[in-house]
Protein chains: 2
Amino acid sequence: MRSALATDSDLLNAIEDRGYRITSTRRVIAGAIEESPDGFTAEQICGRVPGVGRATVYRAIKLFHEVEVICKMALPDGAPRYAVDTGGRHHHHTICTGCGAVQDFRASTIERVLKAIEADVDGQITGHRMEIYVTCQTCLASAD
Amino acid sequence: MRSALATDSDLLNAIEDRGYRITSTRRVIAGAIEESPDGFTAEQICGRVPGVGRATVYRAIKLFHEVEVICKMALPDGAPRYAVDTGGRHHHHTICTGCGAVQDFRASTIERVLKAIEADVDGQITGHRMEIYVTCQTCLASAD
DNA sequence: ATATTACTGAGACAAAGTATCGTCAATCGC
DNA sequence: GCGATTGACGATACTTTGTCTCAGTAATAT
């Protein structure tokens with residue numbers, strides 16, 4: 001039922017659970033983010049929340065990232081791109097280099113391989129990053 | 001014997017092979033880069049080549065990257081780091097989050113997994129990026 | 001209702017590059 | 001070897017993606 005929750009936004013709930021305040025500004029920013037099913041850039045969000053300071057948008061994005069409800073990744077040229085991360089469990093992403101669309105992608109194989117690699121690596125693994133670049137179906141179709 | 005080559009620098013040879021000019025400035029920059037076995041940042045190179053313009057250093061790094069003799073990667077916070085890429089064949093890197101040391105790392109397993117993944121992905125894979133973050137032996141030892 | 005603390009907006013600052021532009025040097029053609 | 005051509009250079013301005021500071025404001029605690 002979840003009737004006792006202040007909001008039905010996963011983003012807002014996540015920060016509230018960690019003791020951060022839910023403010024009207026954060027509501028607006030979370031709304032703009034949740035309207036972006038294919039990922040977004042920070043500046044896109046800035047553009048969609050007129051009246052909200054740029055610093056505040058970046059602070060909110062950082063906060064959502066900190067509580068792991070949004071994920072930050074990078075295009076081949078290093079340009080950052082964000083996406084909502086509802087699933088929770090660790091996973092990776094495919095990013096379309098044409099339109100920037102981000103999709104989740106969970107491959108248990110990769111996790112196993114990474115574990116196996118640990119033995120070959122000189123030092124102790126503390127984390128990893130992985131992005132798979134694709135041309136999505138839509139971009140493939142429109143390229144015909 | 002390679003006696004006919006203008007230089008014994010892999011970096012300079014690589015750009016010469018692609019038709020770019022070898023200049024005294026590029027010699028100096030290549031020298032500074034090749035003195036960095038554990039990777040480097042662009043600004044570190046700028047600091048080591050006094051008298052050479054910052055833009056020129058960035059242009060040279062970009063050029064070396066273009067001809068694939070240096071590799072660009074990212075620390076967990078996105079800070080860029082470069083490393084010489086002598087091997088040639090595709091591989092990945094481990095990066096020590098303590099000191100930034102970069103090591104090559106070739107896992108055929110990963111390549112196989114990525115191939116297998118292609119079937120699961122919605123769209124056509126065009127590339128990927130992967131970094132493994134570690135605490136290197138030196139940093140582990142000095143943390144005791 | 002008030003005090004405390006966190007949040008906000010504006011704007012300056014920072015890091016990592018890129019673009020422009022006039023000057024200079026490396027290579028090409030002879 | 002010498003001049004013409006093209007590419008490279010340095011300085012500097014600008015761009016992108018953030019972060020920091022600071023004074024003012026809103027949200028929670030008592």
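In what follows, chains are A, B, ... by sequence order, proteins preceding strands, each numbered from 1.
In this structure, the CE atom of B:Met73 is 14 Å from the P atom of C:dA16, given to the nearest Å. Distance CD1 (B:Ile61) to C1' (C:dT18): 14 Å, rounded to an integer number of Å. Protein atom OH of B:Tyr58 is 17 Å distant from nucleotide atom P of D:dT12, rounded to whole Å. Between the CD1 atom of B:Ile45 and the P atom of C:dA16 there is a distance of 13 Å, given to the nearest Å. Here the P atom of nucleotide C:dT27 and the CD atom of B:Glu16 are 8 Å apart, to the nearest Å. Nucleotide D:dC9 holds its C1' atom 16 Å from the OH atom of B:Tyr20, rounded to whole Å. Here the P atom of nucleotide C:dA6 and the CZ atom of A:Arg26 are 11 Å apart, to the nearest Å. Rounded to whole angstrom, the span from the CZ atom of A:Phe64 across to the P atom of D:dG18 amounts to 16 Å.
Between B:His92 and B:His128, the ring-plane angle classifies as tilted under the 30° and 60° cut-offs.
On a pure distance criterion of 3.5 Å, no polar donor-acceptor pair joins the side chain of B:Arg54 and the base of D:dG10. Contact of B:Arg59 with D:dG7 (side chain to base): no donor-acceptor pair of N or O atoms is detected under 3.5 Å.
Distances from the side chain of B:Val52 to the nucleotides D:dT19, D:dG10, C:dA16 place D:dG10 closest. Picking from C:dA16, D:dA8, D:dA27 the nucleotide with the shortest atom distance to the side chain of B:Thr23 gives D:dA8.
Of the inter-residue distances, the one linking A:Thr97 atom OG1 with B:Gln124 atom CD reads 10.0 Å to the nearest 0.5 angstrom.
Toward the 5′ end of DNA chain D lies the nearest nucleotide of A:Thr41, the other residue of the pair A:Thr41 and A:Ala55 mapping further downstream. The residue among B:Tyr82 and B:Arg21 whose nearest nucleotide of DNA chain C is located toward the 5' end is B:Tyr82. Sequence order on DNA chain C of the closest nucleotides to A:Thr56 and B:Lys72 puts A:Thr56 first from the 5' end.
Considering all non-hydrogen atoms of both residues, B:Val67 and B:Arg18 come closest at CG1-CG, 3.6 Å. Considering every non-hydrogen atom in both B:Glu131 and B:Met73, the closest pair reads OE2-CB, 3.4 Å.
Contact annotation for B:Gly51: backbone-only contact, meaning every heavy-atom pair under 4.0 Å involves sugar-phosphate atoms and none involves a base.
Phosphate contact (OP1/OP2 of C:dT8, side-chain N/O of A:Thr25, threshold under 4.0 Å): present.
In this structure, a donor-acceptor pair under 3.5 Å is absent between the side chains of B:Ser36 and B:Gln44.
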